[in-house]
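Just so you know, these numbers come straight off a predicted model, no measurement behind them. Position 1 is the first residue of the sequence, and the numbers go up from there.
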Amino acid sequence: MPTNNGSADALIRRRHIVYVEGYDPQGAEGYHNLFSRSFRRFLKNWPLQTSISDVQIDSDDFAHWIIDAKGPNWQVATRYDFLRQEQMIRANMAEPLWRQVPRALAWMLNYLFTGTLFRVYQASYQYGLALTAFQLMLIWWFALAGLGGGLIAWLAMRLVDGPLAFAVIVGIVAAVICFRLLRPLADKLFVVQINSHWPYLLEYARGEPSCWDRCIEVGAHRLVDIAKENAADEIVVVGHSGGGVTAPALLARALELDPELGRHGPRIVLLTPGSLMPGIGLHRGAARVHRDIARIAVEPSILWIDVQARADILNFYNFDPVSGIGVDAGLARCNPLVWIVRLRDMLAPEFFKKLTRSWFRMHYQFIMGNDMRAPYEYMMLVCGPVPVEQWARRGRDILAGFAADGTYRPT
């Protein structure tokens, strides 16, 4: 079985995924449906014998499903553990807006006056524009509701010969109604979701008690247990989007629980595709994030692979996620391996063009099946026979080793 003692290029027969989601309320069932639909897309290019089990809810903290994939000369069984956060995320987003909005406004002002927003723009002007757009949409939501209320109040004064107080009351009621009527549009544009996420993320980054503490703790204990079971050839902790903050924290905590983690048993890989970690790591008060990143950056027993793409404006392209956020890991630094991928190479031209108008769908391509065979194919990272490290280091050579029928001959 391949372990950390030098056989990182041996073929995989058993893989264990620990998936750490971003700030998404759809939960384990929603992600399983997304994965299953995307897997069918993947199979159009890879004629493999496969099966995906139904999602099993193991506890309030974990769910899982099993993927079996078989090519002409290889076979892989993958357990896909899903670290559940949907209850926490749904509870946060369900809070009354009179509590959510002041918290979001405080985050916006904090990012502005601490200079964090400007540092985000310097690191990735695309990400800075996207973050500003979501902030402005919240403000526009209120402005449009206020404008609607003001217009109704003006009409009331014109049509009804009543006191000013009457028009004011009518205007306030109308503004509240306009605000509620605009809520579906705000939800469709992810205004509530994004502006709910970042204030809590800032609390976590500063080291304050946060809603992520439990999932990091249970995830770290689960990872330690998986490594001790020694039942897989490769363990991959995947942290997509906001999971690019949580997953490194999970690894750092697991190393506290077991300092020998990664030095015994299966190879452990931290994969962070489309991570938004720099967006919070660039805050000078993000002491907890800096500590976690500094810990993983110098840990030789863990391979951290950070996947970046130019076409996704919701990640930091061509960016060093360690020194770029101000962490000096010194000469001992060995992580991460930055893997630059081209989303354009994965998708049909007409579909890629369509996705340029859908920020979130493009962002999710990191964890979805491709239209075409490409050096980055998430489903092959999950269920293929080649270690994730080898795909990251020499993806085109690996891809060339696969025949049309899925037979793999190492090049």
Side-chain angles (χ1 to χ4, degrees), residues 22-26 85-121 125 127-206 208-212 242 276 279-280 283 285 313-314 357-360:
Y23 199 78
D24 189 336
Q26 68 177 311
Q85 304 176 58
E86 63 265 31
Q87 294 178 0
M88 172 267 288
I89 296 169
R90 290 169 185 169
N92 289 351
M93 292 178 60
E95 284 191 330
L97 288 173
W98 61 264
R99 295 182 61 182
Q100 291 196 56
V101 172
R103 186 184 299 121
L105 292 174
W107 159 63
M108 294 180 198
L109 292 173
N110 179 282
Y111 258 51
L112 183 63
F113 289 109
T114 61
T116 306
L117 185 60
F118 298 105
R119 288 190 289 277
V120 169
Y121 269 94
Y125 77 91
Y127 196 92
L129 288 172
L131 201 60
T132 300
F134 287 115
Q135 294 175 338
L136 289 177
M137 280 191 280
L138 179 62
I139 295 172
W140 291 339
W141 184 11
F142 273 87
L144 288 172
L147 184 63
L151 179 60
I152 297 298
W154 178 79
L155 289 173
M157 291 185 66
R158 296 277 300 196
L159 299 175
V160 180
D161 186 15
L164 177 62
F166 170 75
V168 171
I169 293 172
V170 169
I172 292 173
V173 172
V176 171
I177 293 173
C178 289
F179 187 81
R180 291 184 177 275
L181 290 175
L182 288 169
R183 175 66 187 264
L185 177 61
D187 288 336
K188 184 177 181 179
L189 296 174
F190 303 98
V191 176
V192 176
Q193 185 173 334
I194 300 300
N195 286 285
S196 169
H197 183 196
W198 282 89
Y200 288 111
L201 199 59
L202 183 57
E203 289 180 357
Y204 166 79
R206 289 168 163 170
E208 301 169 13
S210 80
C211 51
W212 278 281
L276 60 73
I280 193 68
H283 195 292
I313 70 171
L314 298 180
R357 301 188 294 272
S358 178
W359 292 354
F360 277 87

Distance check, rounded to the nearest 0.5 Å: [X] atom [atom1] versus [Y] atom [atom2]?
| X | Y | atom1 | atom2 | result |
| --- | --- | --- | --- | --- |
| Ile280 | Thr116 | CD1 | OG1 | 7.5 Å |
| Leu117 | Gln135 | CG | CD | 6.0 Å |
| Leu112 | Trp107 | CG | CH2 | 11.5 Å |
| Leu136 | Leu131 | CG | CG | 10.0 Å |
| Phe134 | Thr132 | CZ | OG1 | 11.0 Å |

Could you pull out the closest heavy-atom pair between [X] and [Y], with the gap in Å?
| X | Y | result |
| --- | --- | --- |
| Asp24 | Gln193 | CA-NE2, 3.9 Å |
| Tyr111 | Leu202 | CE1-CD1, 4.5 Å |
| Leu138 | Ala104 | CD2-CB, 3.7 Å |
| Leu314 | Ala130 | CD2-CB, 3.7 Å |

Contact between [X] and [Y] at the side-chain level, heavy atoms closer than 4.5 Å - yes or no?
| X | Y | answer |
| --- | --- | --- |
| Trp198 | Leu276 | yes |
| Tyr200 | Arg103 | yes |
| Phe190 | Met137 | no |
| Gln100 | Leu97 | yes |
| Tyr23 | Leu201 | no |
| Ile194 | Phe360 | yes |

Give a yes or no answer on whether the side chain of [X] reaches the backbone of [Y] with a donor-acceptor pair at less than 3.5 Å.
| X | Y | answer |
| --- | --- | --- |
| Arg119 | Thr114 | yes |
| Arg90 | Pro25 | yes |
| Glu203 | Ser210 | no |
| Asn92 | His197 | no |
| Tyr121 | Gly128 | yes |

- Hey, mind stepping through Leu182 and Trp140 against side-chain contact (heavy atoms from CB on, under 4.5 Å) and telling me if it holds? CA-CA 11 Å; Leu182 288 169; Trp140 291 339; over 6 Å; no
- Task: Please determine, by modelled atom types, if Gln85 and Trp212 share a side-chain donor-acceptor pair under 3.5 angstrom.
- Result: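 Yes - a donor-acceptor pair under 3.5 Å links their side chains.
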Could you tabulate the donor-acceptor pairs under 3.5 Å formed by side-chain atoms of residues 163-180, not counting sequence neighbours?
none

